[in-house]
Trainee: 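Could you have a look at this structure, given as structure tokens, before my questions?
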Amino acid sequence: MKTKKEEKKSRREFLKAAGIGIGGVFAATVLQPFTAVLYASKEPEGAGPWYGIAIDIEKCIGCGSCARACKNENDVPREPFYFRSWVEQYTIKNDGEIKVESPNGGIDGFTQSVPDEDIFKSFFVPKMCNHCSQAPCVQVCPVGATFETDDGIVLVDQNYCIGCRYCVQACPYGARYVHPEKNVVDKCTLCYHRLKKGLNPACMDACPTGARIFGDLRDKEGELFKFLKEHTCHVLKSHLNTGSKLFYNSLNQEVR
Amino acid sequence: MKEFDHLYDALSKVDGFIYPNEIELSWSLGIVLYPYITGLVAGAFILASLNRVFNVKALKPTYVISLLTALAFMLVATMPLITHLGKPFRFYEIMITPHLTSAMAIFGFVYIWYLMVVLLLEIWYDYRADMVIWAKESKGLKKIMYKILTLGITDISPKALKLDKKLGYIVTVIGIPSAFLLHGYVGFIFGSVKANPWWSTVMMPVIFLFSAMVSGIALVMLVYMLLSYIRKVKLDMLAVDTIAKFLFYALIIDFVLEGLDQVHRIYEAEESFEIISLLVSGKLNITLLIMQVSLGMLVPMVTLAVLQFYKPKAKIRQIIYLTIGTLVLVGIFFMRWNVVIGGQLFSKSFYGFTSFKLGLIGMEGALMGIFWLIIPFVILGFLLWLFPPWKKSKELESIADSD
């Protein structure tokens with residue numbers, strides 16, 4: 001027979017153990033999503049840089065310098081059907097109507113056609129490849145021509161691409177096109193050729209307001225990491241679970 | 001520049017907002033034809049297996065015709081795919097550098113399995129003994145071809161005939177899930193594209209499968225009727241009536257599945273609902289509501305339903321079947337069209353539409369499309385010349401059938 005004291009003690013110990021157990025599970029479940037909030041994608045194992053991009057919509061003035069710089073740097077065809085990088089203008093009217101425009105990808109800048117008094121809100125959203133870590137395009141390529149590098153950049157090997165365009169269909173962001181002369185798929189490489197020389201991507205250098213930030217997501221002292229820490233950032237179409245690494249600050253839900 | 005004229009034209013017709021890279025449709029007529037033709041193959045094969053495996057005796061006269069039709073279309077199935085590639089001469093890369101996570105990468109293997117293991121083997125077992133005899137009776141080129149095709153196996157003893165029959169049966173049994181795989185898989189290629197809500201549904205492989213059956217059955221019905229007409233022999237009405245009955249069943253299932261899919265979309269009314277309802281009521285008005293659903297499905301279904309209870313004279317039935325078969329084939333073509341083209345007309349931003357105009361010339365033009373639809377009939381003509389089902393030896397068959 002246990003004495004009353006012993007009974008009390010064992011009950012207390014049980015409660016303590018149970019408390020630790022429940023607390024642990026609670027902490028684990030609650031803390032886990034915090035990393036998911038910071039990154040839409042899960043950081044893979046590795047040591048080198050792992051690139052991501054952030055865009056501060058509040059700073060973008062829609063000048064189109066980024067889109068222009070991209071076409072110049074990467075020999076993207078001049079015709080208004082092919083873009084590695086472009087800018088969209090969103091205008092939400094007072095009556096709730098949403099107007100989106102991107103004439104020639106915003107390369108020549110924008111003019112606002114909605115009268116000021118009708119505008120509820122207007123802003124610019126630069127777009128490009130999201131360099132997803134669970135990229136649908138990489139998943140579907142039948143010959144493995146599109147792939148993700150160790151540093152987290154999605155590229156196309158144009159010597160292998162058969163031009164089936166399955167990746168164009170699979171990309172939810174419209175970031176890919178078929179190059180009219182090469183007949184293979186082309187897209188943003190985050191100026192990989194410049195990165196390897198220690199330079200910034202052309203669009204980043206061209207941005208006059210510093211709305212575009214790019215960097216290593218593993219570098220906890222870096223500018224990108226700080227930006228993500230200080231702002232509430234979102235990715236496009238998060239429900240598709242593509243592991244996008246293109247983060248937007250102050251992203252309206254009207255942006256798709 | 002002339003090269004971009006059609007794109008400037010499309011650009012001027014954009015409705016609402018689309019992403020700048022979305023003006024040109026990535027997949028055109030070639031990709032419409034690919035599921036259409038593979039569907040005909042799968043459907044024709046499944047009809048053949050109804051006779052052989054499920055023992056529907058009335059379908060005997062069409063058994064071999066179904067198989068040869070399937071083969072003729074199978075030989076062409078990859079052509080629209082290859083011609084639509086930006087780099088057609090790299091197509092073999094799919095076979096030598098397969099990418100395990102890609103649905104499309106497996107096509108080559110599924111195709112070869114189906115062609116080599118199922119269709120060719122089944123037809124070979126079916127014709128081997130006949131070819132041995134034909135090799136003796138024929139002269140010239142035909143004789144050489146038969147000799148080669150028998151692969152040197154000239155045994156036509158009752159034992160060998162029975163073994164042929166047994167092995168042929170096994171191949172057909174393997175063939176049924178293979179036919180399902182072939183077309184269900186083609187549906188998966190579309191159904192697994194999560195970026196596109198018009199395609200992304202688990203129903204897609206099943207819908208593709210049943211629409212394949214519908215089109216394949218209709219095709220064999222037409223081929224059989226036309227062959228009898230050309231050869232001036234009496235049509236076996238029991239066979240045609242039976243095919244029509246299976247066509248009716250397949251149509252009902254197909255209609256229910258496609259209906260369910262749409263009801264599900266409407267009921268869920270997700271983010272993409274608005275743009276899809278605009279697509280269905282506007283851009284796809286004619287091809288979907290009139291061509292696919294009304295003429296291609298409802299009219300044949302109702303007519304066939306009436307025929308189950310009321311049977312007019314054989315001559316009139318023939319005209320009805322001819323009309324219905326054609327309507328079904330056109331309807332299923334437009335079903336593929338609405339999936340492939342329709343799925344690309346709206347922007348992935350869900351804010352607007354691009355436009356599409358089918359060109360006449362070019363690798364994916366209308367003329368090329370017609371070409372790819374005529375070639376299988378030319379091949380079928382050749383196959384029927386080389387392997388005339390009506391010249392098969394009844395004697396050999398009765399020996400194989402005897403217990």
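Chain letters run A, B, ... following the sequence lines, proteins first and then strands; every chain starts at 1.
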Trainee: Considering only heavy atoms from C-beta outward, does the side chain of B:Ser26 approach that of A:Gln169 to under 4.5 Å?
Mentor: yes

Trainee: B:Trp27 and A:Cys164: which non-hydrogen atoms are nearest, and at how many Å?
Mentor: NE1-O, 2.8 Å

Trainee: Restricting to non-hydrogen atoms, name the atom on B:Ala195 and the atom on A:Pro172 that form the minimum distance, rounded to 0.1 Å.
Mentor: CB-CA, 3.5 Å

Trainee: Using a 4.5 angstrom heavy-atom cutoff, name the option from A:Cys141, A:Ala170, A:Gly174, A:Gly105 with the most pairs to chain B.
Mentor: A:Cys141

Trainee: Do the side chains of A:Phe81 and B:Leu11 get nearer than 4.5 Å, heavy atoms only?
Mentor: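 B:Leu11 reaches A:Phe81 side chain to side chain.
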
Trainee: Please determine, among B:Pro88, B:Ser192, B:Gly86, B:Ser347, the option with the most heavy-atom pairs under 4.5 Å with chain A.
Mentor: B:Gly86

Trainee: Tell me, side chain or backbone of A:His239 under 4.5 Å from chain B's heavy atoms, or both, or neither?
Mentor: side chain

Trainee: What option among B:Gly352, B:Ala103, B:Pro98, B:Ala105 has the most heavy-atom pairs under 4.5 Å with chain A?
Mentor: B:Ala105

Trainee: Is a side-chain N or O of A:Tyr160 found less than 3.5 angstrom from the main chain of B:Arg90, in a donor-acceptor match?
Mentor: no

Trainee: Return yes when atom CD of B:Glu274 has more than 12 non-hydrogen atoms of other residues, nucleotides or ligands closer than 6.0 Å, and no otherwise.
Mentor: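 12 or below, so no.
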
Trainee: Counting C-beta onward and ignoring hydrogens, is there a side-chain heavy-atom pair between A:Gln139 and B:Ser102 closer than 4.5 Å?
Mentor: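 They are not in contact (no side-chain heavy atoms under 4.5 Å apart), so the answer is no.
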
Trainee: Is it the backbone or the side chain of B:Leu81 that comes under 4.5 Å from a heavy atom of chain A, or both, or neither?
Mentor: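 Neither the backbone nor the side chain of B:Leu81 comes within 4.5 Å of chain A.
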
Trainee: What part of A:Phe147 lies closer than 4.5 angstrom to a heavy atom of chain B: side chain, backbone, both or neither?
Mentor: neither

Trainee: Between B:Ser200 and chain A, with a heavy-atom cut-off of 4.5 Å, which part of the residue counts as in contact: side chain, backbone, both or neither?
Mentor: neither

Trainee: Do A:Arg256 and B:Tyr351 meet the cation-pi criteria used here (NZ or CZ under 6.0 Å from the six-membered ring centre, within 45° of the axis)?
Mentor: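 Verdict for B:Tyr351: a cation-pi partner in A:Arg256.
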
Trainee: So what's closer than 4.5 Å to chain B heavy atoms on A:Pro80: side chain, backbone, both or neither?
Mentor: both

Trainee: Take a 6.0 Å sphere around CD1 of B:Ile361 and say whether it holds more than 12 heavy atoms from other residues, nucleotides or ligands.
Mentor: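 Counting other residues, nucleotides and ligands, CD1 of B:Ile361 stays at 12 neighbours or fewer.
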
Trainee: Which distance, rounded to the nearest 0.5 Å, do you find between the SG of A:Cys171 and the CG of B:Asn196?
Mentor: 12.0 Å

Trainee: With a sphere of 6.0 Å drawn around CZ of A:Phe120, does it hold more than 12 non-hydrogen atoms of other residues, nucleotides or ligands?
Mentor: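 Counting neighbours around CZ of A:Phe120, 12 or fewer heavy atoms of other residues, nucleotides or ligands fall under 6.0 Å, so no.
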
Trainee: Kindly check if the number of other-residue, nucleotide or ligand heavy atoms within 6.0 Å of NE2 (A:His193) is above 12?
Mentor: yes

Trainee: Identify the heavy atoms of B:Pro20 and A:Ser102 that sit nearest to each other, and give their distance.
Mentor: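 Where B:Pro20 meets A:Ser102 most closely, the heavy atoms are CG-OG, 4.0 Å.
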
Trainee: Got a second to check how far A:Lys237's NZ is from B:Glu271's CD, nearest 0.5 Å?
Mentor: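 A:Lys237 atom NZ to B:Glu271 atom CD measures 7.0 Å (nearest 0.5 Å).
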
Trainee: Can you tell which of B:Val193, B:Leu85, B:Ile18 has the highest number of heavy-atom pairs within less than 4.5 Å of chain A?
Mentor: B:Leu85

Trainee: Quick one: pull up CD1 in A:Ile162 and CE in B:Met104 and give me the separation to the nearest 0.5 Å.
Mentor: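 So the CD1 of A:Ile162 and the CE of B:Met104 are separated by 7.0 Å.
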
Trainee: Checking A:Glu254 against chain B: side chain, backbone, both or neither under 4.5 Å from a heavy atom?
Mentor: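 Contact with chain B is through both the backbone and side chain of A:Glu254.
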
Trainee: With a cut-off of under 6.0 Å to the ring centre and 45° to the axis, is A:Lys127 in cation-pi contact with B:Phe17?
Mentor: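 Cation-pi check for A:Lys127 and B:Phe17: fails.
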
Trainee: Within a strict 4.5 Å, meaning less than it, do heavy atoms of the B:Ile31 and A:Arg165 side chains meet?
Mentor: no

Trainee: For B:Ile23, is it the side chain, the backbone, both or neither that has a heavy atom under 4.5 Å from a heavy atom of chain A?
Mentor: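 Looking at B:Ile23, just its side chain touches chain A.
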
Trainee: Do other residues, nucleotides or ligands put more than 12 heavy atoms under 6.0 Å from B:Leu100 CG?
Mentor: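 12 or below, so no.
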
Trainee: For B:Glu93, which atoms come within 4.5 Å of any heavy atom of chain A: side chain, backbone, both, or neither?
Mentor: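 Both the backbone and the side chain of B:Glu93 come within 4.5 Å of chain A.
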
Trainee: Okay, side chain of B:Lys87, backbone of A:Val184: is any donor-acceptor separation there less than 3.5 Å?
Mentor: no

Trainee: Once rounded to the nearest 0.5 Å, what's the spacing between atom OH of A:Tyr173 and atom OG of B:Ser349?
Mentor: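 One finds 13.5 Å between OH of A:Tyr173 and OG of B:Ser349.
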
Trainee: What verdict does the side chain to side chain contact (heavy atoms under 4.5 Å, CB included) test give for B:Tyr19 and A:Phe83, after you've listed the backbone C-alpha separation in whole Å, the side-chain angles of each residue and the deciding distance to 0.1 Å?
Mentor: CA-CA 10 Å; B:Tyr19 294 138; A:Phe83 295 90; over 6 Å; no

Trainee: What part of A:Ala145 gets within 4.5 angstrom of chain B, counting heavy atoms only: side chain, backbone, both, or neither?
Mentor: neither

Trainee: When you compare the side chain of B:Phe4 with that of A:Pro180, does any pair of heavy atoms fall below 4.5 Å?
Mentor: yes

Trainee: Is it the case that atom CD in A:Glu45 sees more than 12 heavy atoms from other parts of the structure closer than 6.0 Å?
Mentor: no

Trainee: Taking CG in A:Asp150 as the centre, count heavy atoms belonging to other residues, nucleotides or ligands within less than 6.0 Å. Is the count above 12?
Mentor: no

Trainee: Under a 4.5 Å cut-off applied to non-hydrogen side-chain atoms, are B:Glu3 and A:Glu79 in contact?
Mentor: no

Trainee: Of the backbone (N, CA, C, O) and the side chain (C-beta and beyond), which part of A:Leu236 lies under 4.5 Å from a heavy atom of chain B, both, or neither?
Mentor: neither

Trainee: Are B:Glu24 and A:Tyr82 close enough, and set up right, to give a side chain to side chain contact (heavy atoms under 4.5 Å, CB included), and what steps lead you there?
Mentor: CA-CA 10 Å; B:Glu24 184 173 28; A:Tyr82 310 103; 4.2 Å; yes

